[in-house]
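This report concerns only the one structure given below.
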Amino acid sequence: MLGYDLRVQTIFRFDYCRVFDPPKEQNLLRFSRLIWYGYDEEGPAVYRKDPRTGEVVRIDFQR
């Protein structure tokens, strides 16, 4: 599992076809750089990075 600064839980199911779409939440738009996506030991997730600040967000999806 990668390190992250912020963790967000969504109500949506993970969809590989939408991984490259920008986040819908206004406060997550700054995390524009995709780092990793897929399934890890905690379930489906996407990691994105804010290129200005270096902060990383983990977005968890429903199984």
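These numbers were taken from a predicted model, which means no experiment stands behind them.
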Quiz item: What is the distance from atom CD of E55 to atom OG1 of T53, rounded to the nearest 0.5 Å?
Solution: 4.0 Å
Practice problem: Take atom OH of Y39 as the centre, draw a 6.0 Å sphere, and report whether it contains more than 12 heavy atoms from other residues, nucleotides or ligands. | Solution: yes
Quiz item: When you measure from the side chain of D5 to the backbone N and O of V56, does any donor-acceptor pair fall under 3.5 Å?
Solution: yes
Exercise. Look at the side-chain heavy atoms of Ile, Leu, Val, Met, Phe, Trp and Tyr, link any pair under 4.5 Å apart, and say whether V8 and F61 land in one connected group.
Key: yes
Self-check item: Side chain proximity check, F20 to L34, heavy atoms < 4.5 angstrom
Solution: yes
Self-check item: V57 backbone acceptor or donor facing R7 side chain under 3.5 Å
Solution: no
Quiz prompt | Check: R48 side chain, F31 main-chain N or O, donor-acceptor pair, under 3.5 Å | solution = yes
Quiz item: Is there a path of hydrophobic side-chain contacts, each under 4.5 Å between heavy atoms of I, L, V, M, F, W or Y residues, that connects W36 with V19?
Solution: no
Quiz item: Is the count of non-hydrogen atoms from other residues, nucleotides or ligands lying under 6.0 Å from Q9 atom CD greater than 12?
Solution: yes
Quiz item: Do I59 and T10 touch side chain to side chain, with heavy atoms closer than 4.5 Å?
Solution: yes
Self-check item: Non-hydrogen atoms of A45 and D60 that approach each other most closely
Solution: CB-OD1, 3.9 Å
Quiz item: Which atom names give the shortest non-hydrogen contact between P51 and R30, and what distance separates them?
Solution: CD-O, 3.7 Å
Quiz item: Where do D15 and R13 land on the salt bridge (Lys or Arg N to Asp or Glu O under 4.0 Å) test, with the steps shown first?
Solution: CA-CA 6 Å; D15 182 357; R13 296 185 60 79; over 6 Å; no
Practice problem: Answer with yes or no whether the hydrophobic clustering places V46 together with L2; edges join I, L, V, M, F, W, Y residues whose side-chain heavy atoms lie under 4.5 Å apart. | Solution: no
Practice problem: For residues K24 and R18, report the shortest heavy-atom separation together with the two atoms involved. | Solution: CE-NH2, 3.4 Å
Quiz item: Hey, mind stepping through Y37 and F14 against ring pair (Phe, Tyr, Trp, His ring centres under 6.0 Å) and telling me if it holds?
Solution: CA-CA 10 Å; Y37 62 91; F14 185 73; 7.0 Å; no
